There are 2 protein chains.
Amino acid sequence: MAEKEKIDKKEHLLNVAERVFGEMGYDGASTRLLAQEAGMNMAMLNYYFGSKDGLLKAVVERRMSSTRKEFEEIAHQDMPCWEKINQIVQLYVSRVATSKYFHKIIFREISVIRSGTEVTDFVLENLYQNVMLVHRVLAEGIRKGEFREVDIEMTVAGIFGTVNYLINSRRLASKILKMDLMDDHVLQEEMKPRLLAYLQDSLKTHLLIHETEK
Amino acid sequence: MAEKEKIDKKEHLLNVAERVFGEMGYDGASTRLLAQEAGMNMAMLNYYFGSKDGLLKAVVERRMSSTRKEFEEIAHQDMPCWEKINQIVQLYVSRVATSKYFHKIIFREISVIRSGTEVTDFVLENLYQNVMLVHRVLAEGIRKGEFREVDIEMTVAGIFGTVNYLINSRRLASKILKMDLMDDHVLQEEMKPRLLAYLQDSLKTHLLIHETEK
DNA sequence: CAAAGTTAATCAATCGATTGATTAATTAAC
DNA sequence: GTTAATTAATCAATCGATTGATTAACTTTG
């Protein structure tokens with residue numbers, strides 16, 4: 001029973017921290033607020049994770065590793081490259097939509113210089129592996145004559161950048177789409193399919209060789 | 001003479017603050033560090049701008065207004081929509097490449113919740129106007145039959161998101177492009193033309209109606 | 001022109017508040 | 001009864017901001 005509760009409480013803190021870090025940023029989220037939002041004494045934070053940075057590290061690590069494996073599974077299957085890209089994009093959009101705060105955190109982690117932490121390196125290395133995976137699929141598609149000879153790095157940036165922009169600037173997106181707020185339901189039921197459709201359409205027209213060019 | 005020196009010093013602090021805010025984030029940049037980097041007493045910060053938030057506000061405002069006008073000039077000219085989009089993208093990439101820190105700041109401002117400031121609203125309103133400008137050009141192009149019937153909002157997100165991603169995650173980009181560092185020279189001479197070429201190619205294939213569809 | 005008066009610019013020192021982290025004491029669990 | 005979990009209290013350090021004093025530069029006055 002104690003074991004169960006301990007895990008639940010740690011897990012709960014991780015969930016709360018993911019949201020608060022995502023909303024306020026690392027420096028903006030104080031340990032007191034984190035503990036308060038989680039409904040526990042702030043000493044528990046250090047008891048569980050050693051430090052504030054350790055908490056962020058735990059928040060980041062528990063998600064990154066699992067996602068990596070899913071990406072690799074798709075990339076190593078035997079199917080047309082277009083199908084691979086399609087599935088990767090689908091998985092990525094799905095992951096981002098269901099854990100928006102997490103993706104805010106990791107994007108901020110690679111765009112802001114925080115001094116004296118190892119979290120950034122971990123994030124950077126993992127993102128790099130993910131990006132290179134897409135990179136290789138694109139290169140393979142071009143080599144096989146399935147894709148046009150596009151700028152691979154820019155195409156990758158186009159995919160990740162578009163998704164990232166929509167998720168990380170929800171307030172701007174809400175304004176544009178004339179919604180007073182964008183809750184999780186709208187994100188899942190409206191934004192996600194539209195984003196997916198756009199990416200597929202955009203990539204299809206950009207990557208695939210048109211009839212006129214044949 | 002005194003007037004000249006005063007302006008230069010304020011301007012100098014604005015420049016330094018833009019870099020430091022961009023590198024470390026608002027909460028990550030302390031007033032002491034800001035003053036130290038600018039080589040002046042930290043009381044000067046409050047003397048000039050009232051508060052730390054006032055400094056950020058000044059940093060943001062001096063750039064946003066001017067860019068807005070340039071965007072509008074292009075949009076209101078009499079030319080094909082494709083040419084408008086082309087010029088807007090060109091201007092935007094150029095602006096971002098020459099003031100990378102500033103764009104880090106405003107993107108963070110709309111993605112992080114900072115309590116009790118008015119800077120966010122200012123940024124949000126200005127970005128909204130810029131986005132709607134592109135929005136209207138795209139809508140016009142579709143109405144005139146110049147463009148395919150794409151998802152306008154997503155297309156806009158694709159443009160701004162791609163540029164934003166490349167600039168705000170330079171460390172990841174460096175890793176992908178196998179550069180140990182990405183200095184301003186590389187950014188200007190390599191990244192910028194590649195990004196521009198990609199966006200034009202991507203938008204062309206996505207927006208313009210292909211021969212096969214006619 | 002020179003002395004007195006006035007303003008803006010700059011500084012070191014310090015304010016109260018908050019930060020992340022730690023302690024020692026207490027409670028709960030098995 | 002021993003270990004693990006939890007708490008309130010407290011730590012030094014740093015935060016943004018303000019103070020009163022000092023300097024420099026310009027204006028006014030005689």
Side-chain angles (χ1 to χ4, degrees), chain A residues 1-18 20-21 23-60 105 108-109 112-120, chain B residues 1-18 20-21 23-60 105 108-109 112-120:
Chain A
M1 179 62 76
E3 186 68 14
K4 182 69 183 306
E5 280 178 16
K6 189 191 72 182
I7 293 177
D8 281 353
K9 217 170 165 184
K10 267 183 93 166
E11 193 84 358
H12 179 241
L13 177 55
L14 282 173
N15 292 333
V16 170
E18 185 172 306
V20 178
F21 277 143
E23 284 177 342
M24 334 252 297
Y26 180 81
D27 292 308
S30 70
T31 52
R32 278 171 180 78
L33 178 66
L34 286 164
Q36 181 188 328
E37 291 279 302
M40 61 182 68
N41 192 284
M42 59 170 291
M44 297 306 294
L45 191 154
N46 297 87
Y47 181 72
Y48 285 143
F49 303 102
S51 67
K52 182 186 179 182
D53 201 64
L55 173 59
L56 177 69
K57 194 177 170 187
V59 166
V60 167
I105 292 173
R108 199 149 40 218
E109 196 63 26
V112 175
I113 297 177
R114 293 200 301 119
S115 42
T117 77
E118 55 200 316
V119 185
T120 306
Chain B
M1 180 62 77
E3 186 70 15
K4 180 74 183 300
E5 281 178 15
K6 188 190 73 179
I7 292 177
D8 281 353
K9 219 171 164 184
K10 264 183 98 166
E11 192 85 358
H12 176 61
L13 177 55
L14 282 174
N15 292 332
V16 170
E18 184 172 308
V20 178
F21 277 143
E23 284 178 342
M24 334 253 298
Y26 180 81
D27 292 308
S30 71
T31 52
R32 281 170 180 79
L33 179 66
L34 286 165
Q36 182 188 328
E37 291 278 303
M40 61 183 66
N41 192 283
M42 58 171 291
M44 296 309 294
L45 192 154
N46 296 89
Y47 181 72
Y48 285 143
F49 302 102
S51 66
K52 183 185 179 182
D53 201 64
L55 174 58
L56 177 69
K57 194 178 170 185
V59 166
V60 167
I105 292 173
R108 202 151 35 219
E109 197 62 26
V112 176
I113 297 177
R114 291 201 302 119
S115 42
T117 77
E118 55 199 316
V119 185
T120 306

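Keep in mind that what you see is a predicted model, and the values were worked out from it rather than measured. Scope of the values below: all heavy atoms of this structure, side chains included, with no hydrogens, waters or symmetry mates.
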Which whole-number value in Å describes the distance from [X] [atom1] to [N] [atom2]?
| X | N | atom1 | atom2 | answer |
| --- | --- | --- | --- | --- |
| Phe49(B) | dA17(D) | CZ | P | 13 Å |
| Gln36(B) | dC15(D) | CD | P | 11 Å |
| Tyr48(A) | dT7(D) | OH | C1' | 13 Å |
| Asp8(A) | dT6(D) | CG | P | 11 Å |
| Tyr47(A) | dA24(C) | OH | P | 16 Å |
| Arg114(B) | dG16(D) | CZ | C1' | 13 Å |
| Met44(A) | dT7(D) | CE | P | 7 Å |

| task | Establish, for the pair Lys52(A) and Phe21(A), whether the NZ or CZ atom is under 6.0 angstrom from the six-membered ring centre and no further than 45 degrees off its axis. | result |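 No; the conditions do not both hold, so Lys52(A) does not lie above the ring face of Phe21(A).
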
| Side chains of Leu55(A) and Leu14(A): closer than 4.5 Å at any heavy-atom pair? | yes

| field | Sequence neighbours excluded - side chain to side chain donor-acceptor pair (under 3.5 Å) pairs with any residue from residues 24-35 of chain B | value |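 As it turns out, there is no side chain to side chain donor-acceptor pair (under 3.5 Å) pair with a partner in residues 24-35 of chain B once direct neighbours are skipped.
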
Where [X] and [Y] come nearest, the two heavy atoms and their spacing:
| X | Y | value |
| --- | --- | --- |
| Met24(A) | Ala29(A) | CB-N, 4.1 Å |
| Glu37(A) | Val16(A) | CB-CG1, 3.6 Å |
| Ala35(B) | Met42(B) | CB-CA, 3.4 Å |

Pairs under 3.5 angstrom, nitrogen or oxygen only, protein versus nucleotides 20-23 of chain C, please.
unit_1	atom_1	unit_2	atom_2	d
dG20(C)	OP1	Lys52(A)	NZ	2.5
dG20(C)	OP2	Thr31(A)	N	2.7
dG20(C)	OP2	Thr31(A)	OG1	3.0
dG20(C)	N7	Arg32(A)	NH1	2.9
dG20(C)	O6	Arg32(A)	NH2	2.8
dA21(C)	OP2	Lys52(A)	N	2.8

| request: Using only side-chain N and O atoms of Lys9(B), determine if any of them is under 4.0 Å from OP1 or OP2 of dT10(C). | output: yes

